[in-house]
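Notes for the one structure printed next.
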Amino acid sequence: MRKFDTKVQHLKYKVLREVARESWNGTLMEHVLDIPKTIVPGTEPTMRCCVYKERAILAERVRLAMGGDRSNPNVIEVIDIACDECPVGGYEVTNACRGCLAHRCEDVCRRGAISFDAQHVAHIDKSKCVECGQCAKVCPYTAIVGRKRPCQNACKVKAISMNEHKAATIANEKCISCGACVYQCPFGAIMDKSFILDAIDLLKKSAAGGDPVYALVAPSISSQFTYAKLGQVITGLKKLGFYTVIEAALGADMVAQAESKELAEKGFLTSSCCPAFVKYVQQNFPQMVQYISHNLSPMATLAKYLKATTPNAKVVFIGPCTAKKAENQLDSVKPYVDVVLTFEELQALFDSKDIDLTTLEEDVLDNASYYGRIFARSGGLSDAVKEGLKEQSIDFEAKPCACDGIEECRMALLKKSRNALDANFIEGMACIGGCIGGAGCLTHGEKNKAEVDKYGMEAYEKTISEAVSVLMPVNKD
């Protein structure tokens with residue numbers, strides 16, 4: 001009944017579930033070393049060369065499920081011991097090499113990395129090769145191919161390289177925490193840190209008479225938990241101990257209203273909703289930072305409102321995004337959001353408490369408008385900003401450029417920095433498809449954007465103004 005794309009993802013879930021289960025019972029420290037054996041019992045290996053290596057890797061997964069290396073600011077970490085099965089990669093000569101006379105590959109190589117054996121077949125000296133790819137371009141037989149590890153292919157910001165032990169390493173100064181490498185690694189050697197224990201601690205304290213814990217759920221929840229109904233998921237969240245469940249899409253409505261006004265005032269803007277995109281701009285286009293919207297993301301905007309109106313509230317955001325965990329470490333966000341979880345982690349929480357969603361009654365989730373809900377897909381923010389201008393009767397023509405994935409973001413920013421893009425609003429989404437393609441989703445197949453629009457149309461409040469009008473005024477003094 002549980003829907004996961006890969007065995008790697010299912011293994012990650014089982015570790016999270018067992019860590020959560022022990023935490024609920026108050027026995028985690030007592031049983032933490034037993035979790036790997038619980039998941040891989042017996043003496044027969046199921047994934048690696050031996051059960052001892054499997055359990056050693058699982059112990060590292062447990063460590064990450066408990067928060068990982070706190071001294072490393074990145075929310076994405078490499079499990080070195082698990083990263084040893086991929087070929088080194090780089091440029092290689094295949095058996096298509098005919099030992100031709102031209103030797104164009106040798107001539108074009110400035111590093112002297114190419115030589116020929118007695119059969120005139122080319123060879124590449126890896127110690128000299130800098131992987132420029134020139135040899136592959138000039139080979140008339142396309143006999144030289146460049147191979148990259150899955151994590152390197154997944155990382156569009158070139159933050160992943162190999163260390164001296166041939167294990168993946170992440171350059172924190174380049175990484176945008178999008179999590180693409182986490183899902184694409186076939187051995188699960190890259191994982192996002194979990195803060196599931198922090199969430200359980202808040203819920204346990206709340207159950208003992210402490211502060212109420214609010215669950216802010218991302219609008220992309222409509223594409224998750226396909227084996228149950230959304231209303232059952234909402235009931236399940238309350239069974240976990242959440243005081244109430246609120247749509248982060250309401251925060252999206254608040255942002256759309258404010259961001260449309262900001263766009264009209266400034267004339268050009270880039271969105272601030274996707275933390276991976278914002279970090280990408282900061283690191284790669286510093287000259288464009290001045291144009292990033294000053295609005296907080298929908299998550300932080302709504303959480304800030306909740307903390308202002310309910311000072312003792314604790315806020316847990318639940319969504320598809322690993323980059324939200326990094327956003328939550330920012331000084332501008334940290335005071336408002338207590339914990340960030342992914343949908344993967346929410347599934348583990350449900351099962352750690354043996355909550356079967358399919359048996360529950362349906363509750364209602366209806367806080368936001370159609371436009372707030374469609375933030376979950378690429379292009380939704382642009383549609384919402386245009387609607388915000390219209391509803392506020394602002395005389396300004398929005399010409400948005402919706403970027404689907406970080407590569408499209410790069411091209412749009414590059415063109416705009418050279419005055420070659422006829423757009424005054426750049427909507428940046430680091431994940432393909434938008435938030436519905438986030439790394440923390442339960443499933444990662446191609447999502448139907450029409451389903452997001454359908455979910456949006458089910459909203460009781462049809463306009464942004466109607467959704468925002470239910471909010472109480474906040475005293476800014």
Side-chain angles (χ1 to χ4, degrees), residues 1-70 72 76-89 149-151 154 160 162-170 179 181-197 200 227 341-356 439-440 442-444:
M1 186 168 65
R2 304 294 176 244
K3 303 296 183 183
F4 296 98
D5 291 341
T6 68
K7 290 182 179 178
V8 167
Q9 197 180 5
H10 190 233
L11 184 65
K12 175 183 177 182
Y13 146 80
K14 286 195 286 187
V15 170
L16 289 165
R17 181 194 64 200
E18 294 306 312
V19 167
R21 182 170 286 155
E22 296 292 351
S23 180
W24 287 117
N25 294 336
T27 54
L28 180 57
M29 290 300 103
E30 181 183 346
H31 295 156
V32 66
L33 297 178
D34 299 326
I35 292 175
K37 191 175 286 188
T38 299
I39 296 173
V40 181
T43 59
E44 293 297 320
T46 59
M47 299 167 284
R48 301 277 181 167
C49 58
C50 65
V51 291
Y52 306 108
K53 183 166 184 176
E54 288 185 7
R55 289 172 187 162
I57 293 171
L58 282 169
E60 288 298 298
R61 292 187 180 282
V62 170
R63 182 180 63 83
L64 283 163
M66 294 173 64
D69 181 2
R70 300 281 177 163
N72 180 1
I76 311 293
E77 285 192 24
V78 177
I79 304 174
D80 289 349
I81 191 175
C83 185
D84 64 351
E85 300 290 347
C86 288
V88 173
R149 289 182 172 188
C151 56
I160 296 180
M162 301 302 128
N163 64 20
E164 64 273 18
H165 304 296
K166 306 303 180 186
T169 183
I170 300 173
C181 57
V182 174
Y183 175 69
Q184 289 299 334
C185 177
F187 285 91
I190 306 178
M191 184 172 162
D192 53 310
K193 296 174 182 175
S194 178
F195 302 98
I196 199 168
L197 295 183
I200 291 172
Y227 63 89
L341 299 177
T342 63
F343 292 130
E344 287 179 324
E345 291 161 334
L346 179 57
Q347 181 66 72
L349 274 179
F350 284 141
D351 292 341
S352 71
K353 296 280 281 184
D354 298 317
I355 296 173
D356 182 355
L442 295 181
T443 58
H444 295 76

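All values derive from a computational prediction rather than experimental measurement. One is the number of the first residue; the rest follow in order along the sequence.
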inquiry  = How close do Ile160 and Ala168 get, counting heavy atoms only, and between which atoms?
reply    = CG2-CB, 4.1 Å

note = Residues passing the salt bridge (charged side-chain N to carboxylate O under 4.0 Å, His left out) test with Lys37, sequence neighbours excluded, are none

key: Distance-minimising heavy-atom pair for Ile81 and Glu60   = CG2-CG, 4.3 Å

All N/O donor-acceptor pairs, side-chain side in residues 27-34, below 3.5 Å, sequence neighbours left out:
residue: Thr27; atom: OG1; partner: Glu22; partner atom: O; Å: 3.4
residue: Thr27; atom: OG1; partner: Glu22; partner atom: OE1; Å: 2.4
residue: His31; atom: ND1; partner: Glu22; partner atom: OE1; Å: 3.1

note = Tightest non-hydrogen contact, residues Phe187 and Val8, listed as C-CG2, 4.1 Å

key: Leu58 side, atom CG; Leu11 side, atom CG - distance, nearest 0.5 Å   = 5.5 Å

ask   = Can you name the nearest heavy-atom pair linking Ile190 to Cys151, along with the distance?
value = CD1-CB, 3.7 Å

ask   = Excluding sequence neighbours, so at least two apart, what forms side-chain hydrogen bond (donor to acceptor under 3.5 Å, both in side chains) with Lys353?
value = none

note = Glu345 meets the side-chain hydrogen bond (donor to acceptor under 3.5 Å, both in side chains) criterion, sequence neighbours left out, with Ser194, Lys325, Thr342

query = Who are the side-chain contact (heavy atoms from CB on, under 4.5 Å) partners of Glu77, not counting sequence neighbours?
reply = Arg63, Leu64, Asp69, Asn72, Lys193

request  = Taking all heavy atoms of Ser23 and all of Ile200, pick out the closest pair and write down the distance.
outcome  = OG-CG2, 3.5 Å

task = Could you pull out all residues at least two apart from Asp80 that satisfy side-chain contact (heavy atoms from CB on, under 4.5 Å)?
result = Val78, Ala167

task = Return the minimal non-hydrogen interatomic distance between Pro36 and Arg55, and the atom names on each side.
result = CB-O, 3.7 Å

request  = Could you tell me whether Arg21 and Asp354 have a side-chain N and a carboxylate O separated by less than 4.0 Å?
outcome  = yes

query = Atom CE of Met191 and atom CG of Leu16: how far apart are they, to the nearest 0.5 Å?
reply = 5.0 Å

ask   = Which residues pass the salt bridge (charged side-chain N to carboxylate O under 4.0 Å, His left out) test with Arg17, sequence neighbours left out?
value = none

task = Output all residues satisfying side-chain hydrogen bond (donor to acceptor under 3.5 Å, both in side chains) with Ser352, sequence neighbours left out; order by chain, then residue number.
result = Trp24

message = I'd like to know if the side chain of Gln9 reaches the main chain of Leu442, judged simply by a donor and an acceptor atom lying under 3.5 Å from each other, with no hydrogens or angles considered.
response = yes

ask   = Quick check: does any side chain N or O of Arg61 sit under 3.5 Å from a backbone N or O of Gly188, one acting as donor and the other as acceptor?
value = yes

Reported CG-to-CD1 distance for the pair Leu341 and Ile196, which is rounded to 0.5 angstrom = 6.5 Å

ask   = Got a sec, which residues hit side-chain contact (heavy atoms from CB on, under 4.5 Å) with Ala82, two or more places apart in sequence or on another chain?
value = Arg48, Ile57, Ile79, Ala189

ask   = Taking only residues two or more places apart in sequence, or in another chain, which ones meet Phe350 in a side-chain contact (heavy atoms from CB on, under 4.5 Å)?
value = Phe225, Val233, Leu237, Leu240, Leu346, Gln347, Ile355, Leu357

